[in-house]
*Asks:* 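The structure is given below, and queries will be raised subsequently.
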Amino acid sequence: MRRFAWQSVLALLLCLAGATMLPLADAVTALPFTIARTGAIELLLLGSVVVTMSGVNRLGGAVLLLFTVHIAAFMLLGGIAGNEGAARPSFFCLLAAAWLLAWRLNVVLSRLKLENRGERSLQRLAIPALFGVWILILWEGITRGAGIPFVLLPPPTAIAARFASSLPILGADLVQTVFKAVLAGYVIGCGSGFVVAILADRVPFLRKGMLPIGNLVSALPIIGIAPIMVMWFGFDWQSKAAVVVVMTFFPMLVNTVAGLAASGHMERDLMRTYASSYWQTLFKLRLPAAAPFIFNALKINSTLALIGAIVAEFFGTPIVGMGFRISTEVGRMNIDMVWAEIAVAAVAGSVFYGVVAFVERAVTFWHPSIRGG
Amino acid sequence: MTALRDRIIPVAVVVAAILAVWYIAAIFMNAPYQRELNDRAHETPDLRAFIGQTWAQNKPTLPAPHQIAENFFKNTFQVKITSRRSLVYNSWVTLSSTLLGFAFGTVLGILIAVGIVHVPVLDRSLMPWIIASQTIPILAIAPMVIVVLAAIGVTGLIPKALISTYLSFFPVAVGMVKGLRSPDILHLDLMHTYNAGKAQTFWKLRVPASVPFLFTSMKVAVAASLVGAIVGELPTGAVAGIGAKLLAGSYYSQTIDMWSALVAGSVVAVLLVAAVGVVGRFVELKMGARP
């Protein structure tokens, strides 16, 4: 007898256990799970179990599984919406079964050997996407099913609704924090770090003196200067930009200095035999060789900059800004608004990082790590 | 001798230059307020006396280094350790949640790394999210974590430690994944020829190979953990700790107190990183690394 995957076996047991403990939820409102709906969910899940057990490791089986499992999951979630806290153990059994099947699906997907390059990149996207979707599904199912109080952890759909209904506020906060404070501070901080690094490279004495200090400062909790900067530069975005400048300066300095030392002796000697000047060597050889280091600093700084600006807003702001919104809405127990703001921050951070990474790919296309060599 | 020429002298010169710039900046930044004070008192000090006044204000815009040093010394050594004002007490509060969070974060990071190295589906599905999680300004979640946990009755050390955990697990996880994968194919094949099981390969080859990576990433993690603990103290309403000291200082514009709290935080950071470094060196020597 061939061995079945443990996820499938466990899912089957959970399906059967769920079936013995019906109904799925107590009837609080007029529309609990109807018999037809419950039956459909059970059938879909049992069908999925059969699909996984029948040894379908091909693309077709995976796609079929994708549909059956997720239709079942969304029927479960759809039924529980409006019946918060009414879920019975069978609901959680079926939810767990669906989750295990999705896990199995992910395992199958990651083992799939695809020929086509486009399909492979789709596969690389689909696996983490499935993982993320299931975090949301479990979050939704558990918060709604167990009736977790709204102020503790709102379900994702409530956060999405809040997000959609308060777009103007979120947009204003985004402009204030990201487009004013973060961008200005990031450009000034990275720019001055870069210039000082070039200066330190030109004067070896300066480099020897600054590098240990730069390394030391990188480990310090620089974020603590936030209240001082607010005191100096006032409540508006300038003080946040100042914090970002200080936070981004040192990683840029240390990485650029390290990068400028990265070009090999042979290449530098070659430039000397060409009788090229310091600046020619710098622009044609050493800066391109330093590019991976510089982009590494730019990437580190993209997250540091957002953190710095948001934390600095805790120490005083005009009545707009992401950090301000988070701290006041927490005080008013509007946790869904906080989560919406966190979602904005997450998207802004990811886009920022993504843009830097994209520019890196375009600029350092020659580097082995990009060519995939 | 080369150490003196290559390290100590350049660093000392740069530090001296920073201090000189600092003193000069203090004159200019404190001058407007000092002029106002003198006008009100109808005093007209000469330039030397005026500069002296700007370096000795009570609540200066930019305190001079010696004022900070004096305050730091007083609050560290001359105040009773149990006192609210003592920097030792406040540092200890921050340090305890830093260490707890760091311990959680290290354990969590190692567990995630072990999972990622051994379960291929985790590698593919979890790793992208771990990287993405760091593009989210996690500190933004700090006040919510604290308030929400307080609502269900969890207060004190744990919420702050959780924020530290959040910040410190990432470097450890990434470093450990690298470390556990660092044994090259030859060594893995050798283990194979010995008929070693997965567990044996793990304990006898992968773990020893990952130790240098672990300590390097732990240095980053402990610094991040301290930042998490300091930020975690802000929304709790400034009870105790370095973050609370900063917040209280900003409420009452006691700039010297804020700067000396910053110095205390920096000292703690340096000590923590150095401690991790020393432990790392010790472990590596014990494991037979050549000095």
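Keep in mind that this is a model prediction, so the values were computed, not measured. The chains referred to below are lettered A, B, ... by the order of the sequence lines, with proteins before strands, and numbering in each begins at 1.
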*Asks:* Picking from B:S266, B:G249, B:A223, B:A12, which has the most non-hydrogen pairs under 4.5 angstrom with chain A?
*Replies:*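 It is B:S266.
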*Asks:* In terms of heavy-atom proximity below 4.5 Å to chain B, should A:E341 be classed as side chain, backbone, both, or neither?
*Replies:*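 The answer is neither part of A:E341.
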*Asks:* What part of A:I213 gets within 4.5 angstrom of chain B, counting heavy atoms only: side chain, backbone, both, or neither?
*Replies:*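 Side chain only.
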*Asks:* In terms of heavy-atom pairs under 4.5 Å with chain B, which of A:W103, A:F352, A:W339 leads?
*Replies:*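 Of the candidates given, the most pairs with chain B belong to A:W339.
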*Asks:* Of the backbone (N, CA, C, O) and the side chain (C-beta and beyond), which part of B:I9 lies under 4.5 Å from a heavy atom of chain A, both, or neither?
*Replies:*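 Both backbone and side chain.
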*Asks:* With chain B as the partner, which of A:I225, A:I228, A:L206, A:I222 has the greatest number of non-hydrogen pairs under 4.5 Å?
*Replies:*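 So the answer, after comparing A:I225, A:I228, A:L206, A:I222, is A:I228.
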*Asks:* Please state whether the side chain, the backbone, both or neither of B:T61 comes within less than 4.5 Å of a heavy atom of chain A.
*Replies:*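 For B:T61, heavy atoms of backbone and side chain both lie under 4.5 Å from chain A.
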*Asks:* Could you report the tightest heavy-atom contact between A:F235 and A:K240, atom names first, then the distance?
*Replies:*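 Closest pair (atom of A:F235, atom of A:K240, distance): O-NZ, 2.7 Å.
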*Asks:* Checking B:L62 against chain A: side chain, backbone, both or neither under 4.5 Å from a heavy atom?
*Replies:*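 When you check distances to chain A, atoms from both the backbone and side chain of B:L62 fall under 4.5 Å.
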*Asks:* Can you confirm whether B:R181 sits close enough to B:I116 that some side-chain heavy atom of one is under 4.5 Å from a side-chain heavy atom of the other?
*Replies:*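 Yes, side chains in contact.
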*Asks:* For B:E233 and B:L247, indicate whether the former's side chain and the latter's backbone hold a donor-acceptor pair under 3.5 Å.
*Replies:*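 It does not hold such a pair.
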*Asks:* Under 3.5 Å, side chain of A:S239 to main-chain N/O of A:G234, donor-acceptor pair present?
*Replies:*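 Yes; at least one donor-acceptor contact below 3.5 Å.
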*Asks:* Please classify the contact between A:M231 and chain B as side chain, backbone, both or neither, with a heavy-atom cut-off of under 4.5 Å.
*Replies:*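 For A:M231, the contact with chain B is made by the side chain alone.
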*Asks:* Can you tell me which portion of A:L304 sits under 4.5 Å from chain B's heavy atoms? Options are side chain, backbone, both or neither.
*Replies:*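 Interface part for A:L304: neither.
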